[in-house]
Amino acid sequence: LGDRLGFGLGGGDQFGRSGGFGLVCGDLGRHLGLGGDGLGPAARGVVGDLSEGARMPFVYSFGHRHDTPPTQLKEVLGGKGADLAEMTSVLELPVPPGFTISTEACRAYLAAGEWPAGLDDEIADQLERLEATMGRRLGDPGDPLLVSVRSGAKMSMPGMMDTVLNLGLNDESVEGLAKQTGDERFAYDSYRRFIAMFGRVVLGVDGARFDELFDADGITQFRSLHD
(Lines give C-alpha, C1' and ligand atoms only; values in the text may rest on other atoms or scores of the structure.)
Protein backbone atom coordinates (compact mmCIF):
# COMPACT_ATOMS: atom_id res chain seq x y z
CA LEU A 1 0.00 0.00 0.00
CA GLY A 2 3.02 2.25 -0.36
CA ASP A 3 3.10 5.35 1.78
CA ARG A 4 -0.54 4.83 2.66
CA LEU A 5 -0.22 1.98 5.09
CA GLY A 6 2.11 1.40 7.99
CA PHE A 7 2.31 -1.51 10.34
CA GLY A 8 3.01 0.58 13.42
CA LEU A 9 3.76 -2.39 15.61
CA GLY A 10 5.01 -4.68 12.91
CA GLY A 11 7.20 -2.53 10.66
CA GLY A 12 7.32 -2.00 6.93
CA ASP A 13 4.82 -2.22 4.10
CA GLN A 14 4.44 -3.62 0.63
CA PHE A 15 6.32 -0.92 -1.23
CA GLY A 16 8.87 0.22 1.32
CA ARG A 17 7.33 3.36 2.80
CA SER A 18 4.88 3.51 5.64
CA GLY A 19 3.00 5.24 8.39
CA GLY A 20 1.65 3.53 11.43
CA PHE A 21 -0.54 3.40 14.43
CA GLY A 22 0.18 1.33 17.50
CA LEU A 23 -2.23 0.25 20.17
CA VAL A 24 -0.99 -1.35 23.35
CA CYS A 25 -3.70 -1.55 25.96
CA GLY A 26 -4.57 -4.40 28.26
CA ASP A 27 -5.11 -5.39 31.83
CA LEU A 28 -1.70 -6.79 32.66
CA GLY A 29 -2.87 -7.63 36.14
CA ARG A 30 -1.66 -10.38 38.39
CA HIS A 31 -0.71 -12.84 35.62
CA LEU A 32 2.14 -10.47 34.70
CA GLY A 33 3.32 -10.16 38.28
CA LEU A 34 2.29 -6.56 38.89
CA GLY A 35 1.34 -4.99 42.18
CA GLY A 36 -2.15 -4.21 43.40
CA ASP A 37 -2.14 -0.90 41.51
CA GLY A 38 -1.16 -2.71 38.31
CA LEU A 39 2.25 -1.05 38.21
CA GLY A 40 5.64 -2.65 38.42
CA PRO A 41 8.77 -0.91 39.76
CA ALA A 42 9.69 0.86 36.50
CA ALA A 43 6.20 2.19 35.86
CA ARG A 44 5.78 3.18 39.50
CA GLY A 45 9.02 5.15 39.18
CA VAL A 46 7.58 7.07 36.25
CA VAL A 47 4.47 7.85 38.26
CA GLY A 48 6.66 9.06 41.09
CA ASP A 49 8.20 11.69 38.82
CA LEU A 50 4.85 13.33 38.21
CA SER A 51 3.60 16.23 40.28
CA GLU A 52 0.89 15.53 42.82
CA GLY A 53 -2.52 15.29 41.19
CA ALA A 54 -1.08 14.78 37.70
CA ARG A 55 -1.52 11.60 35.74
CA MET A 56 0.63 9.80 33.23
CA PRO A 57 -0.19 10.51 29.58
CA PHE A 58 -2.39 7.90 27.97
CA VAL A 59 -0.69 8.09 24.57
CA TYR A 60 2.96 8.27 23.51
CA SER A 61 4.43 8.65 20.05
CA PHE A 62 7.03 6.04 19.15
CA GLY A 63 9.65 8.79 19.20
CA HIS A 64 8.72 10.24 22.59
CA ARG A 65 11.79 10.90 24.73
CA HIS A 66 11.18 9.01 27.97
CA ASP A 67 13.16 9.83 31.12
CA THR A 68 13.34 6.10 31.79
CA PRO A 69 14.91 3.77 29.18
CA PRO A 70 12.01 2.46 27.05
CA THR A 71 13.04 -1.15 27.57
CA GLN A 72 12.20 -0.67 31.25
CA LEU A 73 8.69 0.61 30.47
CA LYS A 74 7.08 -2.58 29.20
CA GLU A 75 4.52 -2.39 32.00
CA VAL A 76 3.41 0.96 30.56
CA LEU A 77 4.01 0.56 26.83
CA GLY A 78 3.78 -3.18 26.43
CA GLY A 79 6.60 -5.21 24.94
CA LYS A 80 6.02 -4.06 21.36
CA GLY A 81 5.55 -0.43 22.30
CA ALA A 82 8.67 -0.40 24.48
CA ASP A 83 10.78 -1.96 21.73
CA LEU A 84 9.46 0.51 19.15
CA ALA A 85 10.23 3.40 21.50
CA GLU A 86 13.75 2.04 22.00
CA MET A 87 14.35 1.69 18.26
CA THR A 88 12.93 5.13 17.51
CA SER A 89 13.99 7.41 20.36
CA VAL A 90 17.24 5.74 21.43
CA LEU A 91 18.66 3.84 18.47
CA GLU A 92 17.13 6.28 15.95
CA LEU A 93 16.31 3.51 13.50
CA PRO A 94 13.95 4.23 10.54
CA VAL A 95 10.81 2.94 12.24
CA PRO A 96 7.44 3.80 10.62
CA PRO A 97 5.76 6.59 12.62
CA GLY A 98 2.99 5.74 15.03
CA PHE A 99 1.91 5.90 18.64
CA THR A 100 1.09 3.69 21.58
CA ILE A 101 -1.96 3.85 23.82
CA SER A 102 -0.50 2.83 27.14
CA THR A 103 -1.75 0.37 29.70
CA GLU A 104 -2.47 3.40 31.89
CA ALA A 105 -5.48 4.09 29.65
CA CYS A 106 -6.74 0.57 30.20
CA ARG A 107 -6.30 0.81 33.96
CA ALA A 108 -8.24 4.08 33.98
CA TYR A 109 -11.02 2.44 31.98
CA LEU A 110 -11.19 -0.57 34.28
CA ALA A 111 -11.17 1.62 37.38
CA ALA A 112 -13.92 3.98 36.21
CA GLY A 113 -15.90 1.59 34.03
CA GLU A 114 -16.00 4.17 31.24
CA TRP A 115 -13.85 5.71 28.54
CA PRO A 116 -11.12 7.79 30.24
CA ALA A 117 -11.52 11.57 30.06
CA GLY A 118 -8.86 13.11 27.87
CA LEU A 119 -8.04 9.94 25.92
CA ASP A 120 -9.90 11.05 22.79
CA ASP A 121 -8.01 14.33 22.75
CA GLU A 122 -4.64 12.62 23.10
CA ILE A 123 -5.42 10.17 20.30
CA ALA A 124 -6.69 12.98 18.05
CA ASP A 125 -3.50 14.95 18.66
CA GLN A 126 -1.27 12.00 17.85
CA LEU A 127 -3.31 11.14 14.75
CA GLU A 128 -3.03 14.72 13.52
CA ARG A 129 0.74 14.55 13.90
CA LEU A 130 0.83 11.21 12.08
CA GLU A 131 -1.23 12.61 9.20
CA ALA A 132 1.09 15.62 8.96
CA THR A 133 4.13 13.34 8.87
CA MET A 134 2.65 11.09 6.19
CA GLY A 135 1.02 13.85 4.16
CA ARG A 136 -2.25 11.91 4.07
CA ARG A 137 -5.48 11.90 6.06
CA LEU A 138 -7.21 8.93 7.61
CA GLY A 139 -10.21 8.00 5.46
CA ASP A 140 -9.42 10.52 2.71
CA PRO A 141 -11.59 9.52 -0.27
CA GLY A 142 -8.89 10.27 -2.82
CA ASP A 143 -5.65 9.07 -1.25
CA PRO A 144 -6.26 7.60 2.21
CA LEU A 145 -3.84 7.03 5.04
CA LEU A 146 -4.37 3.53 6.40
CA VAL A 147 -3.20 2.43 9.81
CA SER A 148 -2.96 -0.79 11.75
CA VAL A 149 -4.08 -1.32 15.33
CA ARG A 150 -2.19 -3.99 17.23
CA SER A 151 -2.65 -5.05 20.84
CA GLY A 152 0.20 -6.09 23.07
CA ALA A 153 1.28 -6.96 26.59
CA LYS A 154 4.44 -6.91 28.67
CA MET A 155 5.22 -10.50 27.77
CA SER A 156 5.11 -11.98 24.28
CA MET A 157 1.90 -13.94 23.72
CA PRO A 158 2.03 -15.40 20.19
CA GLY A 159 -1.40 -15.93 18.70
CA MET A 160 -3.22 -14.26 21.61
CA MET A 161 -3.03 -10.59 20.61
CA ASP A 162 -5.67 -9.11 18.30
CA THR A 163 -4.98 -6.95 15.26
CA VAL A 164 -7.10 -4.75 13.00
CA LEU A 165 -5.46 -3.77 9.71
CA ASN A 166 -6.42 -1.21 7.05
CA LEU A 167 -8.23 1.15 9.42
CA GLY A 168 -9.18 4.14 7.29
CA LEU A 169 -10.94 2.26 4.50
CA ASN A 170 -14.62 2.96 3.95
CA ASP A 171 -17.07 2.99 1.04
CA GLU A 172 -15.41 6.09 -0.41
CA SER A 173 -11.73 5.69 0.45
CA VAL A 174 -11.62 2.14 -0.97
CA GLU A 175 -12.27 3.63 -4.40
CA GLY A 176 -9.45 6.11 -3.87
CA LEU A 177 -7.13 3.26 -2.90
CA ALA A 178 -8.12 1.36 -6.05
CA LYS A 179 -7.25 4.36 -8.21
CA GLN A 180 -3.96 5.04 -6.42
CA THR A 181 -2.78 1.43 -6.66
CA GLY A 182 -4.36 0.65 -10.03
CA ASP A 183 -5.61 -2.61 -8.53
CA GLU A 184 -9.32 -2.73 -7.77
CA ARG A 185 -9.25 -6.30 -6.56
CA PHE A 186 -6.46 -5.52 -4.11
CA ALA A 187 -8.31 -2.47 -2.78
CA TYR A 188 -11.59 -4.27 -2.20
CA ASP A 189 -9.83 -7.29 -0.72
CA SER A 190 -8.09 -4.93 1.71
CA TYR A 191 -11.48 -3.41 2.58
CA ARG A 192 -12.96 -6.88 3.04
CA ARG A 193 -10.13 -7.81 5.37
CA PHE A 194 -10.64 -4.66 7.43
CA ILE A 195 -14.37 -5.32 7.78
CA ALA A 196 -13.72 -8.95 8.70
CA MET A 197 -11.09 -8.06 11.32
CA PHE A 198 -13.18 -5.27 12.81
CA GLY A 199 -16.25 -7.49 12.86
CA ARG A 200 -14.43 -10.38 14.50
CA VAL A 201 -12.21 -8.47 16.94
CA VAL A 202 -14.45 -5.55 17.90
CA LEU A 203 -17.99 -6.78 17.28
CA GLY A 204 -17.55 -10.51 17.83
CA VAL A 205 -18.85 -11.55 14.39
CA ASP A 206 -17.82 -14.99 13.13
CA GLY A 207 -15.03 -14.39 10.62
CA ALA A 208 -16.18 -17.28 8.44
CA ARG A 209 -19.19 -15.22 7.41
CA PHE A 210 -16.86 -12.82 5.61
CA ASP A 211 -14.59 -15.47 4.09
CA GLU A 212 -17.55 -17.10 2.36
CA LEU A 213 -17.96 -13.98 0.22
CA PHE A 214 -14.47 -14.24 -1.19
CA ASP A 215 -13.77 -17.13 -3.57
CA ALA A 216 -12.31 -17.19 -7.05
CA ASP A 217 -14.78 -14.48 -8.03
CA GLY A 218 -14.88 -12.87 -4.62
CA ILE A 219 -14.30 -9.33 -5.80
CA THR A 220 -17.56 -9.44 -7.74
CA GLN A 221 -19.48 -10.80 -4.77
CA PHE A 222 -18.00 -8.28 -2.35
CA ARG A 223 -18.60 -5.35 -4.70
CA SER A 224 -22.18 -6.52 -5.16
CA LEU A 225 -22.66 -6.60 -1.40
CA HIS A 226 -20.89 -3.24 -1.07
CA ASP A 227 -23.07 -1.60 -3.75
Side-chain angles (χ1 to χ4, degrees), residues 1 3-35 37-50 55-109 119 122-123 125-127 129-131 133-134 145-168 197 201:
L1 297 183
D3 47 11
R4 243 155 246 98
L5 173 62
F7 298 92
L9 294 181
D13 58 60
Q14 186 172 355
F15 300 115
R17 294 190 297 170
S18 56
F21 172 98
L23 170 61
V24 179
C25 182
D27 178 19
L28 302 183
R30 289 175 297 177
H31 71 283
L32 292 183
L34 305 185
D37 57 3
L39 299 176
R44 198 170 290 111
V46 174
V47 174
D49 293 336
L50 299 175
R55 66 164 175 81
M56 295 174 63
F58 290 137
V59 187
Y60 299 90
S61 68
F62 292 166
H64 178 83
R65 299 287 180 176
H66 297 274
D67 293 334
T68 302
T71 53
Q72 297 179 23
L73 295 177
K74 293 185 178 182
E75 295 161 7
V76 177
L77 302 175
K80 296 175 185 176
D83 289 341
L84 282 163
E86 176 78 11
M87 289 188 290
T88 304
S89 65
V90 178
L91 302 178
E92 298 185 349
L93 297 176
V95 176
F99 54 89
T100 299
I101 300 177
S102 72
T103 55
E104 181 68 13
C106 188
R107 294 188 188 96
Y109 172 79
L119 178 56
E122 289 191 39
I123 292 176
D125 178 65
Q126 292 289 343
L127 178 58
R129 296 183 186 186
L130 178 59
E131 290 175 328
T133 299
M134 298 305 301
L145 168 69
L146 305 182
V147 299
S148 65
V149 184
R150 300 177 184 270
S151 57
K154 178 181 178 181
M155 305 298 183
S156 177
M157 299 180 181
M160 296 180 65
M161 299 288 100
D162 289 319
T163 296
V164 177
L165 303 178
N166 305 330
L167 179 65
M197 289 183 184
V201 174

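Count residues from 1 along the sequence.
Atom CG of residue Leu93 and atom OG1 of residue Thr88 lie 7.5 Å apart, to the nearest 0.5 angstrom. For the atom pair CZ (Phe58) and OG1 (Thr103), the distance works out to 10.5 Å, reported to the nearest 0.5 Å.
Judged purely by atom type and a 3.5 angstrom limit, Ser61 uses its side chain to pair as donor or acceptor with the backbone of His64. Looking only at distances, no side-chain donor or acceptor of Ser89 sits under 3.5 Å from a matching main-chain atom of Arg65. Under the 3.5 Å distance criterion, the side-chain polar atoms of Ser102 are left unmatched by any main-chain donor or acceptor of Leu77. Between the side chain of Gln126 and the backbone N or O of Phe99, no donor-acceptor pair lies under 3.5 Å.
Among all heavy-atom pairs drawn from Glu86 and Thr71, the shortest one is OE1-CG2, 3.5 Å. Shortest non-hydrogen contact noted between Lys74 and Ala82 is CG-CB, 3.6 Å. Contact detail for Thr133 and Pro97: the closest heavy-atom pair is CG2-CG, 4.1 Å. In plain terms, the two heavy atoms of Leu130 and Val147 that are nearest each other are CD2-CG1, 4.0 Å. Nearest approach of Pro96 to Phe62, heavy atoms of both residues: O-CD1, 3.4 Å.
When the side chain to side chain contact (heavy atoms under 4.5 Å, CB included) test is applied to Thr163, the partners found at least two apart in sequence or on another chain are Arg150, Leu165. Residues that satisfy the side chain to side chain donor-acceptor pair (under 3.5 Å) test with Asp125, not counting sequence neighbours, are Arg129.
Side-chain contact check for Tyr60 versus Val76: some heavy-atom pair is nearer than 4.5 Å.
Listed by first and then second residue, the ring pair (Phe, Tyr, Trp, His ring centres under 6.0 Å) pairs involving residues 68-88 amount to none (not counting sequence neighbours).
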